[in-house]
2 protein chains.
Amino acid sequence: MAALEPLLMRVGGTRRRVRRGEYLFHAGAPFHALHGIRAGSFKSVLLTEDGREQVTGFHMAGEVLGLDSVGSEACGGDAIALEDSEVVEIPFEELDALASREPALQRELFKLLAGEIQRERTLMLLLGSMRAEERLAAFLLNLSKRLAARGWSATQFLLRMTREEIGSLLGLKLETVSRILSRFQAEGLIAVRNREITILELCALKAVIGRVDSRREIGA
Amino acid sequence: MAALEPLLMRVGGTRRRVRRGEYLFHAGAPFHALHGIRAGSFKSVLLTEDGREQVTGFHMAGEVLGLDSVGSEACGGDAIALEDSEVVEIPFEELDALASREPALQRELFKLLAGEIQRERTLMLLLGSMRAEERLAAFLLNLSKRLAARGWSATQFLLRMTREEIGSLLGLKLETVSRILSRFQAEGLIAVRNREITILELCALKAVIGRVDSRREIGA
DNA sequence: CGGCAGATTGACCCTCATCAATCAAGGTGG
DNA sequence: CCACCTTGATTGATGAGGGTCAATCTGCCG
C-alpha cells in the first residue's frame, strides 16, 4: 500500500531484480532491509505452524515491502514476485539511524507503519463482515484505486495473480472467485477475459458492497 | 497485546479512570496520546461508512492502546471499557520527541507497532482460513496465554465481553459462539458458567485447531 | 502437437446465519 | 423482599452461501 516517499529514497541503495516466482525474502530470514518496488508486483504470504498458508497482500510498483518486519529480527513472511520485478533495498539499520537525527523521517516511518496497520485492518473488516460478492467487489475497487493513484487506468487492468491467490487473500476458494467474477460479468458490472479486467459500471460495483442479495430483489 | 514496557513508563503521565461502557476515545477524535492500561479491560471497535461495526481487539491490563493511530491525526477507532478501568495517558508528542533522542525508545516504539501488525495478522489468518470451532479455540487459547503472561491463571478466567462481542471479533454470530462453547463443554474441553471459563483439556483444545470434523470421525 | 497450469461450470452437501422461543441473571422500584 | 423488566445466553428449526469434488475448457509453452 504505502507509497514510496521521497524521504525514503535518500537512503535507498542497491537495486535488485527478481524474476516471476522468485522469493524476494523468506519468512524467518534475518530482517535487514525494506524494499521499495520500482517495477513489477509481489505477493506476501504467511504460513502457520500447522501448515496453513495465506496470502496477506499484493503489492505493486511504488509501494514498500517488509514493513511488517520492522522491529523484528526476522522477516515475518514470504514475499514472492508475481512477475519479473525490480526493487531497491533500503537497509533498515541506516534508515533507523537516520531517523534518529531526522524527525521528519521518523514521522514518515511511523506513518508507513500506521498505513500498514490500516491496510490490514481494512482486510480484517472485509474478512470478518463481508460476503463473498462484497469481498470481490472491494478487492477490485481497491486495485483500481491503487493503480489509478500510480497513473494507470482505473477501469482496465491485468490481474497479476491467480484466482487461487485472490481467494487466499479474501478467505474464499478459487471456484467461488471464478463464479463471482462470472456473475459480475453477467450483470454487466465488469468484463473479464482471463486476467484482464474492465470495470464497466464503477458505481454499480461500489453498490455491491452493502447490498443484501443480488437476485431476489424487486427486479425481473 | 503489546506489554507496557518500562521505557514507555518514563513518559507516562496523568492517570484516568474510565467506567464500564464509557469511551476512552472516539474514532475521529484528534490523536494525541497512547494509553497504557493499568487495570481493567477494553475493546477496540471499528465502524465503516456503510454502517458495519466490528470489534478489532480486546485489551487487558499491561497492554497499550492507540498504537493503530500513531502517525495519524485522528484516532482510527473507538475504545470502550469492558469494566471499570484505569489508564495512564502517554502524550505522543513527548514520546515522539523523546524517541528522537533515545534510540532505544525509538526501537521500542517500532517493536510495539510491529507487534500490533503481528496481532492483526494473526487475526487475519484466523478470519481467512479457520472454521468457527477453530476460531473459538484460538480465541480462548490466546486469552489464556495473555492472562498467564500477566500472572493470572491460564486455565480459569472471566470473559469480560459478551458473546456478541466475541462473535464480532471472530466473524461469527453470537448464537454460533454460544453453540460452540456448549459443544466444547459437552466434549469435556472446557467448563462454561456464564462468563466464567475453565479450560479442562488444554492439549485437546489446541488440537481443535486443525481437526477436520468433530463428529463423524471414527468414533461412536 | 501434446502437456499442463489455470479457469470455468455443474452438482451436491456442510457449515453457519437467520428467525424464534425460552431461560437465567441482575438491576430497579414499589 | 419480591415483582418486573432488561440484557445476555442457550437451544432448536430451517435455509442460504459457499466449500468440495469433478468434468471440461482454454491458453501457453516446450
Side-chain angles (χ1 to χ4, degrees), chain A residues 19-21 43 52 54-55 80 82-84 126-137 139 158-186 190-197 208-209 211-217, chain B residues 19-21 43 52 54-55 80 82-84 126-137 139 158-186 190-197 208-209 211-217:
Chain A
R19 265 190 298 202
R20 176 193 161 92
K43 64 170 173 177
R52 245 176 278 252
Q54 187 168 351
V55 172
I80 302 166
L82 292 172
E83 57 188 316
D84 294 358
L126 179 147
L127 290 169
S129 74
M130 288 189 181
R131 302 174 322 102
E133 253 187 1
E134 301 179 280
R135 296 185 196 186
L136 247 308
F139 171 73
L158 232 72
L159 300 175
R160 308 322 305 212
M161 67 297 287
T162 68
R163 305 286 193 262
E164 185 170 23
E165 288 164 335
I166 296 174
S168 177
L169 180 78
L170 301 180
L172 302 171
K173 292 293 142 176
L174 70 99
E175 295 95 327
T176 305
V177 173
S178 182
R179 265 185 252 276
I180 289 179
L181 287 179
S182 298
R183 190 188 305 167
F184 283 171
Q185 185 167 42
I190 63 174
V192 189
R193 232 191 45 200
N194 302 320
R195 298 207 179 168
E196 185 179 322
I197 299 284
V208 166
I209 301 170
R211 77 175 175 183
V212 176
D213 190 303
S214 53
R215 286 147 303 172
R216 60 148 175 235
E217 296 297 88
Chain B
R19 267 189 296 200
R20 177 193 161 92
K43 63 172 174 178
R52 246 176 277 256
Q54 185 168 351
V55 173
I80 302 166
L82 293 171
E83 57 189 314
D84 295 357
L126 179 149
L127 290 168
S129 73
M130 288 188 181
R131 303 178 316 105
E133 252 187 2
E134 300 179 283
R135 295 184 196 186
L136 246 307
F139 170 74
L158 234 75
L159 300 174
R160 313 308 324 203
M161 68 298 285
T162 67
R163 305 286 192 263
E164 184 168 24
E165 288 163 337
I166 297 174
S168 176
L169 180 78
L170 301 180
L172 302 170
K173 292 291 142 177
L174 70 101
E175 294 96 326
T176 304
V177 173
S178 182
R179 267 184 251 276
I180 290 179
L181 287 180
S182 298
R183 190 188 304 166
F184 283 169
Q185 185 167 42
I190 63 174
V192 190
R193 232 192 43 200
N194 302 320
R195 299 207 178 166
E196 185 179 323
I197 300 284
V208 166
I209 300 170
R211 80 175 173 184
V212 177
D213 190 303
S214 54
R215 286 148 300 171
R216 56 143 179 241
E217 297 297 87

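We use all heavy atoms of the structure for the numbers below, so side chains are in, but hydrogens, waters and symmetry mates are not. Computed from a prediction, not measured in an experiment: that's the story for all the values here. To find a chain, count down the sequence lines: A is the first, B the second, and so on, and within it residues start at 1.
At a cut-off of 3.5 angstrom, counting only N and O atoms as typed in the model, there is no donor on one side facing an acceptor on the other between the side-chain of B:Glu133 and the base of C:dC16.
Within the model, atoms OG1 of A:Thr162 and CD of A:Glu165 stand 3.5 Å from one another, a figure rounded to the nearest 0.5 Å. Between the CG atom in B:Leu126 and the CD atom in A:Gln54 there is a gap of 9.5 Å [rounded to 0.5 Å]. Summarising the geometry, atom CG belonging to B:Leu136 is positioned 7.0 Å from atom CD1 belonging to B:Ile166; distances are rounded to the nearest 0.5 Å. Put simply, CD on B:Glu83 and CE on B:Met161 are 9.5 Å apart, with the number rounded to the nearest 0.5 Å.
Contact annotation: A:Arg163 side-chain N/O to C:dG6 OP1/OP2 distance is not under 4.0 Å. Taking only side-chain nitrogens and oxygens, B:Arg179 never comes nearer than 4.0 Å to OP1 or OP2 of C:dC16. Side-chain nitrogen and oxygen atoms of A:Ser178 include at least one within less than 4.0 Å of the OP1 or OP2 phosphate oxygen of C:dT8. Contact annotation: A:Arg131 does not reach the phosphate of C:dA17 (side-chain N/O to OP1 or OP2, under 4.0 Å). Considering only side-chain N and O atoms, B:Ser182 lies under 4.0 angstrom from the phosphate OP1 or OP2 of D:dT11. The side chain of B:Thr176 places no N or O atom within less than 4.0 Å of a non-bridging phosphate oxygen (OP1 or OP2) of C:dC16.
Note: CZ (B:Arg193) to C1' (C:dA25) measures 12 Å, nearest angstrom. With rounding to whole Å, B:Leu172 atom CG is found 7 Å from C:dC16 atom P. One interatomic measurement links the two molecules: CD of B:Glu175 to C1' of D:dA9, which rounds to 10 Å at whole-angstrom precision. If you measure from atom CD of B:Glu164 to atom P of C:dA17, you get 13 Å, rounded to the nearest angstrom. The interatomic distance linking A:Lys173 (NZ) with C:dT9 (P) rounds to 20 Å, in whole Å. Rounded to an integer number of Å, the gap from CG of B:Leu174 to P of D:dT10 is 10 Å. The distance from atom CG of B:Leu127 to atom C1' of C:dC16 is 15 Å, rounded to the nearest whole Å. Rounded to an integer number of Å, the gap from A:Phe184 CZ to C:dT8 C1' is 16 Å.
Within a 6.0 Å sphere centred on CZ of B:Arg20, heavy atoms belonging to other residues, nucleotides or ligands number 12 at most. The number of heavy atoms from other shown groups lying within 6.0 Å of CD (B:Glu164) does not exceed 12.
At the heavy-atom level, A:Gly171 lies under 4.0 Å from the strands shown only through sugar-phosphate atoms. No engagement by B:Arg135 is indicated, since no non-hydrogen atom pair under 4.0 Å with the nucleic acid exists.
Closest approach to the B:Thr162 side chain among C:dC19, C:dT8, D:dG8 is made by D:dG8 (side chain taken as heavy atoms from C-beta onward).
Annotation: of the two residues near DNA chain D, A:Asn194 and A:Ile180, the 5′-most nearest-nucleotide partner is A:Ile180.
A donor-acceptor pair under 3.5 Å links the side-chain atoms of B:Arg135 to the main chain of B:Met130, judged by distance alone. In this structure, the side chain of A:Asp84 does not engage the main chain of A:Arg19 through any donor-acceptor pair within 3.5 Å.
Direction of the helix axis in the helix from C:dC1-D:dG30 to C:dG30-D:dC1 shifts by 40° between the two five-pair termini, rounded to 10°.
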